[in-house]
Amino acid sequence: MEENARKRILCPLDPKHTVYEDQLAKHLKKCNSREKPKPDFFIQDINAGLKDETEIPEQLVPISFLSEEQMENLIKKLRKASEGLNSTLKDQIMSHPALHDALNDPKNGDSATKHLKQQASILGNIEKLKLLGPRRCFVEFGAGKGKLSHWVDIALKDAEKVHFILVEKVTTRFKVDGKHRKKNSVFERLQIDIQHLCLNKIPLLSKEKLPVVGIGKHLCGVATDLALRCLVETYAASCEERNEEPLAKRVKNDKTEKEINTLAKEGNEKNIPEKWTPVAGIVIALCCHHRCDWRHYVGKEYFRALGLGAVEFHYFQRMSSWATCGMQKTSLEASNISTKRKDKQNDGSEEHDDGGYRITDDSAESLPGFLTVEEKKKIGHLCKLLIDQGRINYLQQKGFNPALQYYTDPLVSLENVLLTALPNHSSSPETTA
(Lines give C-alpha, C1' and ligand atoms only; values in the text may rest on other atoms or scores of the structure.)
Protein backbone atom coordinates (compact mmCIF):
# COMPACT_ATOMS: atom_id res chain seq x y z
CA MET A 1 0.00 0.00 0.00
CA GLU A 2 2.86 2.34 0.88
CA GLU A 3 4.53 1.59 -2.47
CA ASN A 4 1.36 2.37 -4.41
CA ALA A 5 1.00 5.72 -2.65
CA ARG A 6 4.23 6.98 -4.22
CA LYS A 7 3.74 9.11 -7.32
CA ARG A 8 5.43 8.31 -10.63
CA ILE A 9 6.16 11.10 -13.10
CA LEU A 10 7.58 11.32 -16.63
CA CYS A 11 11.35 11.65 -16.78
CA PRO A 12 12.10 15.23 -17.92
CA LEU A 13 15.06 13.94 -20.00
CA ASP A 14 13.07 11.26 -21.80
CA PRO A 15 9.27 11.04 -21.46
CA LYS A 16 9.34 7.46 -22.73
CA HIS A 17 9.92 6.27 -19.18
CA THR A 18 8.77 7.24 -15.70
CA VAL A 19 10.41 7.64 -12.30
CA TYR A 20 9.27 8.01 -8.69
CA GLU A 21 8.90 11.71 -7.94
CA ASP A 22 10.81 11.43 -4.67
CA GLN A 23 13.75 9.81 -6.51
CA LEU A 24 13.94 12.24 -9.43
CA ALA A 25 17.17 13.96 -8.36
CA LYS A 26 18.95 10.61 -7.97
CA HIS A 27 17.57 9.32 -11.28
CA LEU A 28 18.72 12.37 -13.27
CA LYS A 29 22.32 11.65 -12.31
CA LYS A 30 22.25 8.16 -13.86
CA CYS A 31 19.54 8.36 -16.54
CA ASN A 32 20.79 6.98 -19.88
CA SER A 33 19.25 9.98 -21.63
CA ARG A 34 21.32 12.54 -19.71
CA GLU A 35 23.75 14.67 -21.69
CA LYS A 36 27.14 13.03 -21.61
CA PRO A 37 30.51 14.79 -21.85
CA LYS A 38 31.55 15.29 -25.49
CA PRO A 39 34.70 13.39 -26.52
CA ASP A 40 37.67 15.23 -28.06
CA PHE A 41 36.74 14.00 -31.54
CA PHE A 42 33.33 15.74 -31.31
CA ILE A 43 33.53 19.15 -33.00
CA GLN A 44 30.15 20.72 -33.66
CA ASP A 45 29.26 20.78 -37.40
CA ILE A 46 32.87 20.24 -38.52
CA ASN A 47 31.69 18.25 -41.57
CA ALA A 48 28.43 20.12 -42.14
CA GLY A 49 29.56 22.46 -44.90
CA LEU A 50 28.84 26.18 -45.10
CA LYS A 51 25.31 27.34 -44.45
CA ASP A 52 24.12 29.99 -46.89
CA GLU A 53 20.71 31.16 -45.74
CA THR A 54 20.17 33.29 -48.87
CA GLU A 55 20.27 30.26 -51.17
CA ILE A 56 17.56 28.17 -49.54
CA PRO A 57 13.99 29.47 -49.84
CA GLU A 58 12.02 29.34 -46.62
CA GLN A 59 9.28 27.17 -48.05
CA LEU A 60 9.28 25.04 -51.18
CA VAL A 61 6.02 23.54 -52.34
CA PRO A 62 5.76 19.74 -52.74
CA ILE A 63 6.20 18.25 -56.22
CA SER A 64 2.49 17.44 -56.36
CA PHE A 65 1.72 21.21 -56.12
CA LEU A 66 3.85 22.14 -59.15
CA SER A 67 2.11 22.95 -62.41
CA GLU A 68 2.74 20.89 -65.53
CA GLU A 69 4.74 23.79 -66.98
CA GLN A 70 6.94 24.02 -63.86
CA MET A 71 7.57 20.28 -63.96
CA GLU A 72 8.48 20.41 -67.65
CA ASN A 73 10.97 23.22 -66.97
CA LEU A 74 12.59 21.22 -64.17
CA ILE A 75 12.87 18.13 -66.38
CA LYS A 76 14.39 20.23 -69.21
CA LYS A 77 17.00 21.59 -66.79
CA LEU A 78 17.73 18.05 -65.59
CA ARG A 79 18.19 16.68 -69.10
CA LYS A 80 20.37 19.59 -70.17
CA ALA A 81 22.57 19.23 -67.06
CA SER A 82 22.87 15.48 -67.66
CA GLU A 83 24.02 15.77 -71.28
CA GLY A 84 27.31 13.96 -71.79
CA LEU A 85 27.02 11.87 -68.62
CA ASN A 86 27.33 8.12 -69.05
CA SER A 87 24.02 6.85 -67.69
CA THR A 88 25.04 3.20 -68.14
CA LEU A 89 27.60 2.39 -65.48
CA LYS A 90 30.11 -0.42 -65.64
CA ASP A 91 29.18 -3.71 -63.96
CA GLN A 92 31.54 -4.57 -61.11
CA ILE A 93 29.50 -7.34 -59.50
CA MET A 94 32.08 -9.31 -57.56
CA SER A 95 32.41 -11.76 -54.69
CA HIS A 96 35.03 -12.84 -52.18
CA PRO A 97 36.08 -16.27 -50.84
CA ALA A 98 35.68 -15.04 -47.26
CA LEU A 99 31.90 -15.19 -47.67
CA HIS A 100 31.75 -18.48 -49.58
CA ASP A 101 30.48 -20.59 -46.68
CA ALA A 102 28.05 -17.93 -45.46
CA LEU A 103 26.58 -17.48 -48.95
CA ASN A 104 26.03 -21.21 -49.30
CA ASP A 105 24.46 -21.71 -45.89
CA PRO A 106 21.09 -23.45 -46.51
CA LYS A 107 19.66 -21.73 -43.42
CA ASN A 108 19.83 -18.31 -45.10
CA GLY A 109 16.57 -16.57 -45.86
CA ASP A 110 16.06 -14.21 -48.80
CA SER A 111 16.99 -11.14 -46.75
CA ALA A 112 20.21 -12.66 -45.38
CA THR A 113 21.30 -13.86 -48.84
CA LYS A 114 20.62 -10.41 -50.30
CA HIS A 115 22.84 -8.66 -47.75
CA LEU A 116 25.60 -11.28 -48.00
CA LYS A 117 25.76 -10.87 -51.79
CA GLN A 118 26.16 -7.12 -51.39
CA GLN A 119 28.81 -7.47 -48.68
CA ALA A 120 30.71 -10.01 -50.81
CA SER A 121 30.70 -7.67 -53.81
CA ILE A 122 31.82 -4.66 -51.76
CA LEU A 123 34.63 -6.78 -50.31
CA GLY A 124 35.60 -7.96 -53.80
CA ASN A 125 35.77 -4.35 -54.99
CA ILE A 126 37.88 -3.34 -51.98
CA GLU A 127 40.33 -6.10 -52.88
CA LYS A 128 40.30 -5.16 -56.59
CA LEU A 129 41.36 -1.63 -55.63
CA LYS A 130 44.27 -3.09 -53.60
CA LEU A 131 42.87 -1.64 -50.38
CA LEU A 132 42.60 -4.97 -48.58
CA GLY A 133 45.91 -5.24 -46.79
CA PRO A 134 47.86 -4.77 -43.52
CA ARG A 135 48.82 -1.58 -41.67
CA ARG A 136 45.72 0.50 -42.26
CA CYS A 137 42.55 1.63 -40.54
CA PHE A 138 39.12 0.89 -41.97
CA VAL A 139 36.50 3.46 -40.99
CA GLU A 140 32.98 2.13 -41.54
CA PHE A 141 30.44 4.93 -41.72
CA GLY A 142 26.83 4.12 -40.85
CA ALA A 143 28.14 0.85 -39.44
CA GLY A 144 24.91 -0.51 -37.94
CA LYS A 145 25.78 -3.98 -36.63
CA GLY A 146 29.28 -3.73 -38.13
CA LYS A 147 28.91 -6.61 -40.57
CA LEU A 148 30.91 -5.04 -43.40
CA SER A 149 33.91 -4.53 -41.09
CA HIS A 150 33.37 -8.07 -39.81
CA TRP A 151 33.84 -9.52 -43.30
CA VAL A 152 36.81 -7.27 -44.05
CA ASP A 153 38.44 -8.60 -40.88
CA ILE A 154 37.66 -12.22 -41.85
CA ALA A 155 39.17 -11.62 -45.31
CA LEU A 156 42.35 -10.12 -43.84
CA LYS A 157 42.88 -13.13 -41.54
CA ASP A 158 45.98 -12.37 -39.45
CA ALA A 159 47.23 -9.25 -41.26
CA GLU A 160 49.24 -7.06 -38.92
CA LYS A 161 48.20 -3.69 -37.52
CA VAL A 162 44.67 -3.57 -38.86
CA HIS A 163 42.27 -1.28 -37.03
CA PHE A 164 38.54 -0.75 -37.44
CA ILE A 165 36.58 2.34 -36.41
CA LEU A 166 32.83 1.85 -36.63
CA VAL A 167 30.81 5.06 -36.74
CA GLU A 168 27.09 4.94 -35.91
CA LYS A 169 24.97 7.70 -34.39
CA VAL A 170 22.39 5.45 -32.70
CA THR A 171 22.62 2.59 -30.24
CA THR A 172 22.60 -0.69 -32.16
CA ARG A 173 21.55 -4.15 -31.01
CA PHE A 174 23.12 -7.44 -32.11
CA LYS A 175 26.51 -5.87 -32.92
CA VAL A 176 29.08 -8.28 -34.35
CA ASP A 177 32.23 -6.23 -33.69
CA GLY A 178 32.20 -7.33 -30.04
CA LYS A 179 32.96 -10.89 -31.18
CA HIS A 180 36.37 -9.96 -32.57
CA ARG A 181 39.18 -10.60 -30.13
CA LYS A 182 42.04 -11.21 -32.55
CA LYS A 183 45.50 -10.05 -31.58
CA ASN A 184 46.27 -8.17 -34.78
CA SER A 185 43.00 -6.27 -35.27
CA VAL A 186 41.39 -3.66 -33.04
CA PHE A 187 37.72 -2.67 -33.17
CA GLU A 188 36.51 0.66 -31.80
CA ARG A 189 32.88 1.80 -32.00
CA LEU A 190 32.01 5.50 -31.89
CA GLN A 191 28.44 6.59 -31.24
CA ILE A 192 28.45 9.96 -32.97
CA ASP A 193 26.82 11.76 -35.89
CA ILE A 194 29.27 11.95 -38.83
CA GLN A 195 28.45 15.66 -39.01
CA HIS A 196 30.49 16.26 -35.84
CA LEU A 197 33.25 13.64 -36.25
CA CYS A 198 36.88 14.82 -36.39
CA LEU A 199 38.92 11.74 -37.30
CA ASN A 200 42.32 13.21 -36.46
CA LYS A 201 41.21 13.69 -32.85
CA ILE A 202 40.60 9.97 -32.39
CA PRO A 203 43.47 8.68 -30.19
CA LEU A 204 43.90 5.50 -32.23
CA LEU A 205 44.47 7.44 -35.48
CA SER A 206 46.56 10.22 -33.98
CA LYS A 207 48.83 7.65 -32.33
CA GLU A 208 49.22 5.04 -35.10
CA LYS A 209 48.92 7.42 -38.09
CA LEU A 210 47.70 4.63 -40.35
CA PRO A 211 46.27 5.37 -43.80
CA VAL A 212 42.48 5.32 -43.66
CA VAL A 213 40.08 3.40 -45.93
CA GLY A 214 36.54 4.79 -45.75
CA ILE A 215 33.85 2.13 -46.30
CA GLY A 216 30.08 1.95 -46.02
CA LYS A 217 27.12 -0.16 -47.12
CA HIS A 218 24.04 1.87 -48.04
CA LEU A 219 25.22 5.12 -46.52
CA CYS A 220 21.99 7.04 -46.51
CA GLY A 221 21.65 10.31 -48.47
CA VAL A 222 23.27 13.17 -46.58
CA ALA A 223 25.50 10.76 -44.60
CA THR A 224 27.52 10.09 -47.78
CA ASP A 225 28.32 13.80 -48.19
CA LEU A 226 29.20 14.14 -44.50
CA ALA A 227 31.49 11.09 -44.73
CA LEU A 228 33.27 12.37 -47.86
CA ARG A 229 33.90 15.74 -46.25
CA CYS A 230 35.02 14.02 -43.03
CA LEU A 231 37.61 12.00 -44.97
CA VAL A 232 38.99 14.35 -47.61
CA GLU A 233 38.65 17.73 -45.91
CA THR A 234 38.63 17.35 -42.16
CA TYR A 235 41.06 14.41 -41.94
CA ALA A 236 43.25 14.39 -45.06
CA ALA A 237 43.72 18.16 -45.25
CA SER A 238 44.70 18.44 -41.58
CA CYS A 239 47.19 15.53 -41.83
CA GLU A 240 48.83 17.08 -44.89
CA GLU A 241 49.05 20.47 -43.17
CA ARG A 242 50.99 18.82 -40.35
CA ASN A 243 53.15 16.89 -42.88
CA GLU A 244 52.71 13.70 -40.92
CA GLU A 245 54.47 10.55 -42.06
CA PRO A 246 52.37 7.55 -41.04
CA LEU A 247 53.38 4.11 -39.89
CA ALA A 248 52.75 2.51 -43.31
CA LYS A 249 55.30 4.81 -44.98
CA ARG A 250 57.83 4.50 -42.15
CA VAL A 251 57.61 0.71 -42.31
CA LYS A 252 58.28 0.72 -46.04
CA ASN A 253 61.13 3.22 -45.76
CA ASP A 254 62.74 1.10 -43.05
CA LYS A 255 62.63 -2.12 -45.08
CA THR A 256 65.76 -3.50 -46.62
CA GLU A 257 65.76 -4.35 -50.32
CA LYS A 258 65.77 -8.04 -49.39
CA GLU A 259 62.62 -7.65 -47.25
CA ILE A 260 60.81 -5.74 -50.01
CA ASN A 261 61.69 -8.42 -52.58
CA THR A 262 60.41 -11.12 -50.23
CA LEU A 263 57.13 -9.24 -49.73
CA ALA A 264 56.78 -8.76 -53.49
CA LYS A 265 57.18 -12.51 -54.09
CA GLU A 266 54.49 -13.18 -51.48
CA GLY A 267 52.16 -10.70 -53.19
CA ASN A 268 51.95 -8.37 -50.18
CA GLU A 269 53.99 -5.45 -51.47
CA LYS A 270 51.14 -4.38 -53.75
CA ASN A 271 49.14 -3.51 -50.64
CA ILE A 272 51.73 -1.04 -49.32
CA PRO A 273 51.02 2.41 -50.79
CA GLU A 274 53.89 3.67 -52.98
CA LYS A 275 53.21 7.22 -51.89
CA TRP A 276 51.38 7.79 -48.67
CA THR A 277 48.15 9.70 -48.41
CA PRO A 278 46.05 10.03 -45.24
CA VAL A 279 43.08 8.49 -47.09
CA ALA A 280 44.14 5.39 -49.02
CA GLY A 281 40.72 4.88 -50.61
CA ILE A 282 36.95 5.16 -50.40
CA VAL A 283 34.39 2.43 -51.11
CA ILE A 284 30.79 3.38 -50.32
CA ALA A 285 27.51 1.83 -51.51
CA LEU A 286 25.12 4.73 -52.10
CA CYS A 287 21.42 5.02 -51.34
CA CYS A 288 18.48 7.28 -50.47
CA HIS A 289 19.34 10.32 -52.59
CA HIS A 290 15.95 11.77 -51.62
CA ARG A 291 17.41 12.27 -48.14
CA CYS A 292 20.25 14.53 -49.30
CA ASP A 293 20.52 18.11 -48.06
CA TRP A 294 21.78 21.15 -49.99
CA ARG A 295 23.73 22.55 -47.05
CA HIS A 296 25.72 19.35 -46.59
CA TYR A 297 25.98 18.38 -50.27
CA VAL A 298 29.61 18.30 -51.48
CA GLY A 299 28.73 18.95 -55.15
CA LYS A 300 27.43 22.52 -54.83
CA GLU A 301 30.13 23.95 -57.11
CA TYR A 302 29.27 21.38 -59.78
CA PHE A 303 25.59 22.32 -59.64
CA ARG A 304 26.35 26.05 -59.76
CA ALA A 305 28.61 25.57 -62.79
CA LEU A 306 25.59 24.02 -64.56
CA GLY A 307 23.42 27.02 -63.65
CA LEU A 308 21.59 25.07 -60.95
CA GLY A 309 21.08 25.91 -57.29
CA ALA A 310 19.31 24.99 -54.07
CA VAL A 311 15.80 24.99 -55.56
CA GLU A 312 16.67 22.62 -58.43
CA PHE A 313 18.65 20.41 -56.05
CA HIS A 314 15.64 20.18 -53.72
CA TYR A 315 13.34 18.97 -56.48
CA PHE A 316 15.92 16.69 -58.10
CA GLN A 317 16.59 14.93 -54.80
CA ARG A 318 12.84 14.43 -54.29
CA MET A 319 12.42 13.18 -57.87
CA SER A 320 15.33 10.75 -57.38
CA SER A 321 12.98 8.49 -55.44
CA TRP A 322 11.08 7.80 -58.68
CA ALA A 323 13.90 5.41 -59.60
CA THR A 324 13.16 3.09 -56.67
CA CYS A 325 9.70 3.86 -55.29
CA GLY A 326 8.05 0.88 -56.98
CA MET A 327 5.20 2.78 -58.65
CA GLN A 328 4.14 -0.20 -60.73
CA LYS A 329 3.71 -2.59 -57.80
CA THR A 330 0.34 -4.29 -57.79
CA SER A 331 -1.80 -4.46 -54.66
CA LEU A 332 -0.93 -8.16 -54.32
CA GLU A 333 2.81 -7.40 -54.54
CA ALA A 334 2.38 -4.60 -52.00
CA SER A 335 0.68 -7.06 -49.65
CA ASN A 336 3.61 -9.48 -50.03
CA ILE A 337 6.05 -6.63 -49.40
CA SER A 338 4.24 -5.72 -46.18
CA THR A 339 4.58 -9.32 -45.01
CA LYS A 340 8.30 -9.35 -45.87
CA ARG A 341 8.81 -6.15 -43.91
CA LYS A 342 7.11 -7.62 -40.84
CA ASP A 343 9.33 -10.70 -41.10
CA LYS A 344 12.36 -8.44 -41.45
CA GLN A 345 11.43 -6.50 -38.31
CA ASN A 346 11.04 -9.74 -36.41
CA ASP A 347 14.46 -11.08 -37.43
CA GLY A 348 16.25 -8.00 -36.06
CA SER A 349 17.68 -6.85 -39.40
CA GLU A 350 19.13 -3.35 -39.31
CA GLU A 351 19.42 -2.65 -43.01
CA HIS A 352 17.23 -0.04 -44.67
CA ASP A 353 17.96 -0.47 -48.37
CA ASP A 354 15.07 -1.32 -50.62
CA GLY A 355 16.05 -4.77 -51.85
CA GLY A 356 13.75 -4.15 -54.78
CA TYR A 357 10.72 -3.48 -52.58
CA ARG A 358 10.73 0.23 -51.72
CA ILE A 359 7.37 2.00 -51.95
CA THR A 360 7.90 4.51 -49.18
CA ASP A 361 8.90 7.97 -50.34
CA ASP A 362 6.22 10.64 -50.06
CA SER A 363 7.40 12.46 -53.20
CA ALA A 364 6.00 9.56 -55.23
CA GLU A 365 2.47 10.57 -54.16
CA SER A 366 0.34 12.53 -56.65
CA LEU A 367 2.95 12.28 -59.40
CA PRO A 368 2.53 14.41 -62.54
CA GLY A 369 0.12 12.62 -64.83
CA PHE A 370 1.78 13.59 -68.12
CA LEU A 371 4.69 11.18 -67.49
CA THR A 372 4.56 7.41 -67.87
CA VAL A 373 5.88 5.12 -65.14
CA GLU A 374 8.92 4.28 -67.29
CA GLU A 375 9.65 7.97 -67.93
CA LYS A 376 9.46 8.74 -64.21
CA LYS A 377 11.85 5.90 -63.49
CA LYS A 378 14.37 7.23 -66.04
CA ILE A 379 14.07 10.73 -64.62
CA GLY A 380 14.67 9.34 -61.12
CA HIS A 381 17.85 7.63 -62.31
CA LEU A 382 19.02 10.84 -64.00
CA CYS A 383 18.52 12.74 -60.74
CA LYS A 384 20.59 10.16 -58.85
CA LEU A 385 23.30 10.25 -61.50
CA LEU A 386 23.51 14.05 -61.46
CA ILE A 387 23.74 14.17 -57.65
CA ASP A 388 26.43 11.47 -57.72
CA GLN A 389 28.30 13.30 -60.49
CA GLY A 390 28.58 16.28 -58.14
CA ARG A 391 30.29 13.97 -55.66
CA ILE A 392 32.59 12.67 -58.39
CA ASN A 393 33.52 16.24 -59.31
CA TYR A 394 34.18 17.09 -55.65
CA LEU A 395 36.53 14.11 -55.21
CA GLN A 396 38.38 15.00 -58.42
CA GLN A 397 38.90 18.54 -57.12
CA LYS A 398 40.32 17.08 -53.90
CA GLY A 399 42.94 14.96 -55.70
CA PHE A 400 41.13 11.64 -56.03
CA ASN A 401 40.28 9.48 -59.02
CA PRO A 402 36.65 8.43 -58.38
CA ALA A 403 34.25 6.10 -60.20
CA LEU A 404 30.66 4.90 -60.07
CA GLN A 405 29.77 1.32 -60.88
CA TYR A 406 27.02 -1.24 -60.36
CA TYR A 407 28.10 -3.60 -57.60
CA THR A 408 25.03 -5.82 -57.35
CA ASP A 409 22.07 -6.90 -59.47
CA PRO A 410 18.95 -4.67 -59.26
CA LEU A 411 16.98 -7.80 -58.29
CA VAL A 412 19.15 -7.92 -55.16
CA SER A 413 18.88 -4.18 -54.47
CA LEU A 414 17.61 -1.28 -56.53
CA GLU A 415 20.19 0.85 -54.70
CA ASN A 416 23.04 -0.86 -56.52
CA VAL A 417 25.64 1.86 -57.19
CA LEU A 418 29.06 1.83 -55.57
CA LEU A 419 31.21 4.95 -55.26
CA THR A 420 34.95 4.25 -55.20
CA ALA A 421 37.89 6.63 -55.09
CA LEU A 422 41.67 6.32 -54.94
CA PRO A 423 44.26 9.10 -54.58
CA ASN A 424 45.53 10.26 -57.97
CA HIS A 425 48.95 8.64 -57.50
CA SER A 426 47.40 5.16 -57.06
CA SER A 427 46.28 2.77 -59.78
CA SER A 428 42.92 4.31 -60.60
CA PRO A 429 39.42 3.14 -61.46
CA GLU A 430 37.74 4.33 -64.62
CA THR A 431 35.80 7.56 -64.34
CA THR A 432 32.14 7.76 -65.25
CA ALA A 433 32.06 10.82 -67.45
Inset, instruction - Look at the side chain of Ser121 and the backbone N and O of Tyr407, then say whether any donor-acceptor pair between them is shorter than 3.5 Å. - result: yes
Inset, instruction - Mark yes or no for whether Glu312, through its side chain, and Gly309, through its backbone, hold a donor-acceptor pair below 3.5 Å. - result: yes
Inset, instruction - May I ask you to test the Trp151-Leu116 pair for a side-chain heavy-atom distance under 4.5 Å? - result: yes
Legend entry - Nearest heavy-atom neighbours spanning Phe400 and Pro423: CD2-N, 3.7 Å
Inset, instruction - Would you mind reporting whether Gln405 and Thr420 have side-chain heavy atoms less than 4.5 Å apart? - result: yes
Inset, instruction - Give the C-alpha distance, both sets of side-chain angles, the deciding distance and a yes or no for side chain to side chain donor-acceptor pair (under 3.5 Å) between His17 and His27. - result: CA-CA 11 Å; His17 65 271; His27 171 79; 3.2 Å; yes
Legend entry - Taking every non-hydrogen atom, the tightest pair across Val167 and Val139: CG2-CG1, 4.0 Å
Legend entry - Cys11 side chain near Cys31 side chain, heavy-atom distance below 4.5 Å: yes
Legend entry - salt bridge (Lys or Arg N to Asp or Glu O under 4.0 Å) pairs, two or more places apart, involving residues 91-109: none
Inset, instruction - Look at atom CD of Gln191 and say whether more than 12 heavy atoms of other residues, nucleotides or ligands are closer to it than 6.0 Å. - result: yes
Inset, instruction - Take His218 and Gln118 through the test side chain to side chain donor-acceptor pair (under 3.5 Å) and record every step on the way to the result. - result: CA-CA 10 Å; His218 290 290; Gln118 293 173 75; 2.6 Å; yes
Inset, instruction - Check whether more than 12 heavy atoms from other residues, nucleotides or ligands sit under 6.0 Å from atom NZ of Lys117, and answer yes or no. - result: no
Legend entry - Close side-chain approach of Leu419 and Asp388, heavy atoms under 4.5 Å: no
Legend entry - Side-chain (Asn416) to main-chain (Thr408) donor-acceptor, under 3.5 angstrom: yes
Legend entry - Any donor-acceptor N/O pair, His296 side chain to Leu226 backbone, under 3.5 Å: no
Inset, instruction - Assign the ring pair Phe313 / Phe303 to parallel, tilted or perpendicular, where the plane angle (0 to 90°) is split at 30° and 60°. - result: perpendicular
Legend entry - Reported CZ-to-CZ distance for the pair Arg318 and Arg291, which is rounded to 0.5 angstrom: 10.0 Å
Inset, instruction - State whether Arg189 and Glu168 are salt-bridged, where the test is any N-O pair (Lys NZ or Arg NE/NH1/NH2 against Asp/Glu carboxylate O) under 4.0 Å. - result: no
Inset, instruction - Compare all side-chain heavy atoms of Arg229 with those of Ile46 and state whether any distance is below 4.5 angstrom. - result: no
Inset, instruction - Check the pair His290 / His314 against ring-ring contact (aromatic ring centres under 6.0 Å, His included), numbers first and verdict last. - result: CA-CA 9 Å; His290 62 278; His314 170 80; over 10 Å; no
Inset, instruction - Could you please spell out the steps behind the side chain to side chain contact (heavy atoms under 4.5 Å, CB included) verdict for Leu418 and Ile122? - result: CA-CA 8 Å; Leu418 189 71; Ile122 293 172; 4.2 Å; yes
Legend entry - Heavy-atom pair of closest approach, residues Asp293 and Arg295: OD1-N, 2.9 Å
Inset, instruction - Inspect the contact between Lys130 and Glu127 and indicate whether a charged nitrogen and a carboxylate oxygen are less than 4.0 angstrom apart. - result: no
Legend entry - Option among Met71, Glu374, Lys384, Arg79 that satisfies the side chain to side chain contact (heavy atoms under 4.5 Å, CB included) test with Ile379: Arg79
Legend entry - Evaluation steps, side chain to side chain contact (heavy atoms under 4.5 Å, CB included), between Val298 and Thr224: CA-CA 9 Å; Val298 296; Thr224 295; over 6 Å; no
Legend entry - Nearest atoms (heavy-atom pairs only) where Val162 meets Pro134: CG2-CA, 4.1 Å
Inset, instruction - Would you confirm whether Asn424, through its side chain, and Gly399, through its main-chain N or O, come within 3.5 Å as a donor-acceptor pair? - result: yes
Inset, instruction - Starting at CG of Asp45, measure out to NE2 of His196 and round the result to the nearest 0.5 Å. - result: 5.5 Å
Legend entry - Sidechain-backbone polar pair: Tyr315 side chain, Pro62 backbone, donor-acceptor under 3.5 Å: no
Legend entry - Asn104, CG atom: more than 12 neighbouring heavy atoms under 6.0 Å: yes
Inset, instruction - For Glu140 and Ser149, indicate whether the former's side chain and the latter's backbone hold a donor-acceptor pair under 3.5 Å. - result: yes
Inset, instruction - First locate atom CG of Leu129, then atom CD1 of Ile126, and finally report the distance between them rounded to the nearest 0.5 Å. - result: 8.5 Å
Legend entry - side chain to side chain contact (heavy atoms under 4.5 Å, CB included) evaluation trace for Leu199 with Leu197: CA-CA 6 Å; Leu199 284 177; Leu197 174 62; 3.9 Å; yes
Inset, instruction - Look at the side chain of Glu233 and the backbone N and O of Cys230, then say whether any donor-acceptor pair between them is shorter than 3.5 Å. - result: no
Inset, instruction - Could you pull out the closest heavy-atom pair between Cys292 and Asp225, with the gap in Å? - result: SG-OD2, 4.2 Å
Legend entry - Derivation and outcome, side chain to side chain contact (heavy atoms under 4.5 Å, CB included), residues Glu415 and Thr324: CA-CA 8 Å; Glu415 299 281 19; Thr324 57; 4.3 Å; yes
Legend entry - Distance in Å, Asp40 CG paired with Ile202 CD1, rounded so as to fall on 0.5 Å steps: 11.0 Å
Inset, instruction - Evaluate the side-chain proximity of Gln396 to Asn393: yes if any heavy-atom separation is below 4.5 Å, no if none is. - result: yes
Inset, instruction - State, with a plain yes or no, whether a side-chain heavy atom of Leu166 is found less than 4.5 Å away from one of Phe187. - result: yes
Inset, instruction - Check for a donor-acceptor pair, side chain of Lys147 on one end and backbone N or O of Ala143 on the other, with a separation under 3.5 Å. - result: no
Inset, instruction - Evaluate whether atom NZ of Lys29 has more than 12 neighbouring non-hydrogen atoms of other residues, nucleotides or ligands under 6.0 angstrom away. - result: no
Inset, instruction - Quick one: pull up CD in Glu188 and SG in Cys137 and give me the separation to the nearest 0.5 Å. - result: 8.5 Å
Inset, instruction - Report yes or no: do Lys145 and His150 form a side-chain donor-acceptor pair below 3.5 Å? - result: no
Inset, instruction - Heavy atoms only: give me the nearest Lys161-Leu210 pair and the separation to one decimal. - result: O-CD1, 4.0 Å
Inset, instruction - Please answer whether the main-chain N or O of Ser206 pairs with a side-chain N or O of Lys209 as donor and acceptor at a distance below 3.5 Å. - result: yes
Inset, instruction - Answer whether the closest heavy-atom distance between the side chains of Asp153 and Phe164 falls below 4.5 Å. - result: yes
Legend entry - Nearest-0.5 Å distance that lies between atom NZ in Lys378 and atom CG in Leu371: 12.0 Å
Inset, instruction - Count the heavy atoms of every other residue, nucleotide or ligand shown that sit under 6.0 Å from CD of Gln44, and state whether that count exceeds 12. - result: yes
Legend entry - Pairing residues for Val213 by the side chain to side chain contact (heavy atoms under 4.5 Å, CB included) criterion, not counting sequence neighbours: Leu131, Arg136, Phe138, Ile215, Ala280
Inset, instruction - Would you indicate whether Lys38, at its atom NZ, is surrounded by more than 12 heavy atoms from other residues, nucleotides or ligands within a distance under 6.0 Å? - result: yes
